[in-house]
Amino acid sequence: LGTNNCRLLLAKPTDRGFVIVDAFSRIVRLGEGLGTSGRLKDAAMDRTIEALRVCSNKLKWHKVQRFRLVATEACRLAENGPAFIDRVTSEIGLELEIINRETEAMLAAAGAEALIGDQAQSAIVFDIGGGSTEVMWVARKADGGDVRAWISLAAGVVTLSERHGGGRDVSPEQFDAMCG
């Protein structure tokens, strides 16, 4: 669960990695207005609950036994983030874990490792989210990737667009402010 999207990916292991069984993605804008209020808005939480209900149904339908459900920047920053996670558990039965920035970076790097070209010795991986952006330097190893360095920036598509006029019809001055 991110600041902008609610995503679910169901996969089963095979000899060559994983095969996707089902997937779901919905823009929920959970972090809408968070930068100014410090709180998750009721309408954003309601939209997110409905999307998480779809995820819960897919988990039940596929009889998923092992899973990890995580929440990122919006729930980390919001004053009412933990209360929202409790609401999700009580209303839907899903137990989301609010992960820290380092864990988010490591999970993003692990997910991208298979996409690094076979000839590459290392790569820079960018995970641009709704509330934060993680940048990782990943070195290739025989048993997978090794994150050599990482940084997490409190800048994502939702936070930047709200900070600079909504992201529509961006003026040269707004663009300069985003870059500065």
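- For the atom pair Ser90 OG and Ile92 CD1, the distance stands at 8.5 Å (nearest 0.5 Å).
- Leu8 has its side chain within reach of Leu10: a pair of non-hydrogen atoms, C-beta onward, lies under 4.5 Å apart.
- How far CD of Glu95 is from CZ of Arg68: 13.5 Å, rounded to the nearest 0.5 Å.
- The shortest distance between side-chain heavy atoms of Cys55 and Cys6 falls below 4.5 Å.
- The closest donor-acceptor contact from the side chain of Thr133 to the backbone of Ala155 lies under 3.5 Å.
- If you check the side chains of Thr103 and Asn100, you find a donor sitting under 3.5 Å from an acceptor.
- Taking both residues in full, the closest heavy atoms of Cys75 and Leu1 are given as SG-CD2, 4.5 Å, listed atom of the first, atom of the second, then distance.
- A salt bridge is defined here as a Lys NZ or Arg NE, NH1 or NH2 lying under 4.0 Å from an Asp or Glu carboxylate O, and Glu134 with Arg101 fails to meet this definition.
- Contact of the Phe18 side chain with the Lys12 side chain is not registered, since no non-hydrogen atoms from C-beta on lie closer than 4.5 Å.
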(message) For Leu34 and Thr3: C-alpha separation, side-chain torsions, deciding distance, then whether side-chain contact (heavy atoms from CB on, under 4.5 Å) applies.
(response) CA-CA 9 Å; Leu34 177 62; Thr3 301; 5.6 Å; no
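- Between Leu9 and Arg7, the closest side-chain pair of non-hydrogen atoms is not below 4.5 Å.
- Across Ala108 and Val125, no two heavy atoms sit closer than the pair O-CG1, 4.5 Å.
- Taking all atoms of both residues into account, the shortest heavy-atom contact from Ala51 to Phe24 is O-CE2, 3.7 Å.
- Contact check on Arg47 versus Glu50 returns no salt bridge, with no Lys/Arg side-chain nitrogen under 4.0 Å from an Asp/Glu carboxylate oxygen.
- Both Phe67 and Leu52 are assigned to one and the same hydrophobic cluster, defined by single-linkage of ILVMFWY side chains at heavy-atom distances under 4.5 Å.
- Using a 4.0 Å cut-off between a side-chain N of Lys or Arg and a carboxylate O of Asp or Glu, Arg87 and Asp46 qualify as a salt bridge.
- Considering all non-hydrogen atoms of both residues, Val54 and Arg26 come closest at CG2-NH2, 4.1 Å.
- Cluster annotation: Ile116 and Val147 are assigned to the same hydrophobic cluster (Ile/Leu/Val/Met/Phe/Trp/Tyr, side-chain heavy-atom contacts under 4.5 Å, transitive).
- Judged by distance alone, the side chain of Thr48 and the main-chain N or O of Ala44 form a donor-acceptor pair under 3.5 Å.
- Ile99 and Ile85 end up in different hydrophobic clusters when Ile, Leu, Val, Met, Phe, Trp and Tyr side chains are linked at under 4.5 Å.
- Across all their heavy atoms, Leu40 and Ala78 have their closest contact at CG-CB, 3.5 Å.
- Looking only at side-chain heavy atoms (C-beta outward), Leu96 and Ile98 stay at 4.5 Å or farther from each other.
- At a threshold of 4.5 Å between non-hydrogen side-chain atoms, the residues Met45 and Leu30 count as touching.
- Counting heavy atoms of neighbouring residues, nucleotides and ligands inside a 6.0 Å radius, atom CD1 of Ile124 exceeds 12 of them.
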(request) Please assess Leu153 against Ile151 for the test side-chain contact (heavy atoms from CB on, under 4.5 Å), listing each intermediate value before the final yes or no. (result) CA-CA 7 Å; Leu153 309 168; Ile151 188 169; 3.8 Å; yes
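- Listed for the Ser37 side chain is a donor-acceptor partner under 3.5 Å among the backbone atoms of Gly33.
- At distances below 3.5 Å, not a single donor-acceptor pair connects side-chain atoms of Asn80 with backbone N or O atoms of Ala83.
- No donor-acceptor pair under 3.5 Å is formed between the side chain of Arg29 and the backbone N or O of Asn4.
- Looking at Glu32 and Lys41, no side-chain N of the basic residue comes within less than 4.0 Å of a carboxylate O on the acidic one, giving no salt bridge.
- Side-chain atoms of Thr89 come within 3.5 Å of backbone atoms of Leu94 as a donor-acceptor pair (strictly under, hydrogens ignored).
- Heavy atoms only, all atoms of each residue included: Gly31 and Val158 are closest at O-CG1, 4.1 Å.
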(message) As a quick check of understanding, evaluate side-chain contact (heavy atoms from CB on, under 4.5 Å) for Val138 and Arg148, giving each step before the final call.
(response) CA-CA 6 Å; Val138 181; Arg148 297 285 173 91; over 6 Å; no
(request) Please lay out, stage by stage, how Met106 and Trp150 fare under the test side-chain contact (heavy atoms from CB on, under 4.5 Å). (result) CA-CA 9 Å; Met106 296 308 122; Trp150 67 277; 3.4 Å; yes
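- Taking the charged nitrogens against the carboxylate oxygens, Arg76 and Glu73 do have a contact shorter than 4.0 Å, which makes a salt bridge.
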